[in-house]
Amino acid sequence: MTATASELEIHQLDFRTESPARFTELARLLVDAYPIMHVDSVEAFDRFVVALRESESFTEARLIVAERCGELAGTMRLFDFEMNVRGRDAFTGGVGAVAVSALHKRRGVARALIAWYLEHYRSRGAAFAVLHPFRYDFYRALGFGYGTPMHRFGFAPGDLREDGARGTPRILTEADADEVIAFHERMRATTNGLMTRHRVPTLRALRDVELRLIGVEDDGRLGGLMQVKAVAGPDEVRNCDELLVRDVLAEDSAVEAALLRYLRAQRDQFVRVVVETQDAAFYLNARDPRDGSDVAVAPPAAHRIAETGLGAMYRIIDVERAFAYLPPCPDPFVLRLRIDDPFLAATAGDWTFRFDANGARRDESARADATLSIGIHDLSSLVVGSLRLRDLLRRRLASVEPRDRLAQVDAAFACSQPPICTTRF
């Protein structure tokens, strides 16, 4: 697939025919765009070039490049995922490493790359697109909606509750890769938003010198999992190291308690356990939920327990396919949607859906009982379950007419579990 707009050509990189010089150009572009990679020496840069040239054989991603008059203007990586959407698998396209050459900025390259990415996955039958944004305003203007907030909790290890723990914690190795993937698939089947765990990043995490994957063996199989990393304090200060914890997943609360028991046991080495999670109620796992800062958020009585940020963003790229994931509606009605989408014409305009015991299906011949006017970004958040319609109306981001139908329409989109994303790409 090749696209040309304003002399900009976008296509998938062919590793078999591409010149070595192009990989050096790509490496330089990415290093300039992402200082966070810390490629800060000639040796590190040379290793990065080699990794790019060999990436086709060890990654599930596809490398896309944008060229203008033969000159490299931008790049991105595309990822195929199966994502749990309200209990069912949905083919979903992910994009990462979006980068534009410093010589081609402010010339529409990033927008053109994203348009190509969306059309690529639409043509393959995907209902959703997902990404981790570098700027929310940019991607929201392209139709991506907010996902579930991420919270960073900090606990004194001894304050973590381990009552009711079941199972035996152990450090996982490369030999456990298949078991890790199998466990993740079991969790994905019951966790809204969870996406496929690919083998390559799983092996990379298990090999990583700085990371540890801690599992809980429960009744002969892996029942829980988390990623931990030691974070050293300042060189001149002793006894202030922290243990960073991510991606806590457990099949039940007793197995989660076993993970907490492992963390509690580290109190001789770490002054604080820092947990990054989309579970807003995770603070209930500690006897004292304060994060150790002693900051009063709203003096004098509201103590800080977490820092909060936003992570993944979601976008509907096929309205009919996306609405097929909505649940059965016990209170049938017909809804007319007026979707504002200035970026992707295929999802803009008026749509009529019948909501009933079979879910939501398009029916343009039906007479509407209510009309929902909404932007594609907020509609995307509604469908994946990260926002409620009533909250959007309160913030003037959507409207329902007649107003007495609001409760009915809101209930049709309600989701018991916001989407959880532990995949980084």
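Quantities reported herein were computed from a predicted structural model and do not represent experimental measurements.
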Here the pair of heavy atoms bringing Gly158 nearest to Arg287 is O-NH1, 3.8 Å
Indicate yes or no: does Arg68 engage Glu71 in a salt bridge with an N to O separation below 4.0 Å. no
Report yes if the distance between the aromatic ring centroids of Tyr139 and Phe343 is under 6.0 Å, otherwise no. no
State the NE2-OH distance between His151 and Tyr283, to the nearest 0.5 angstrom. 10.0 Å
Supply the atom-to-atom distance Ile64 CD1 to Leu113 CG, rounded to the nearest 0.5 angstrom. 9.0 Å
I want to check something: taking the side chain as every heavy atom from C-beta on, are Ile214 and Gln227 in contact at a cut-off of under 4.5 Å? no
Asp318-Tyr121 side chain donor-acceptor pair, cut-off 3.5 Å: no
Check: Asp331/Gln408 side-chain N/O donor and acceptor closer than 3.5 Å: yes
Among residues at least two apart in sequence or on other chains, which ones pass ring pair (Phe, Tyr, Trp, His ring centres under 6.0 Å) with Phe413? Phe323, Phe355
List in chain and number order the residues that pass ring pair (Phe, Tyr, Trp, His ring centres under 6.0 Å) with Tyr262, two or more places apart in sequence or in another chain; answer none if no residue qualifies. none
Under the side chain to side chain donor-acceptor pair (under 3.5 Å) test, which residues partner Arg290, sequence neighbours left out? Asp288
For the CZ atom on Arg367, are there more than 12 heavy atoms of other groups (residues, nucleotides or ligands in this structure) within a distance under 6.0 Å? no
Does atom CZ (Arg396) have a neighbourhood of more than 12 heavy atoms from anything else shown, all under 6.0 Å? no
Examine Arg86 relative to Tyr325 and say whether NZ or CZ is less than 6.0 Å from the centre of the six-membered ring and inside a 45° cone about the ring axis. no
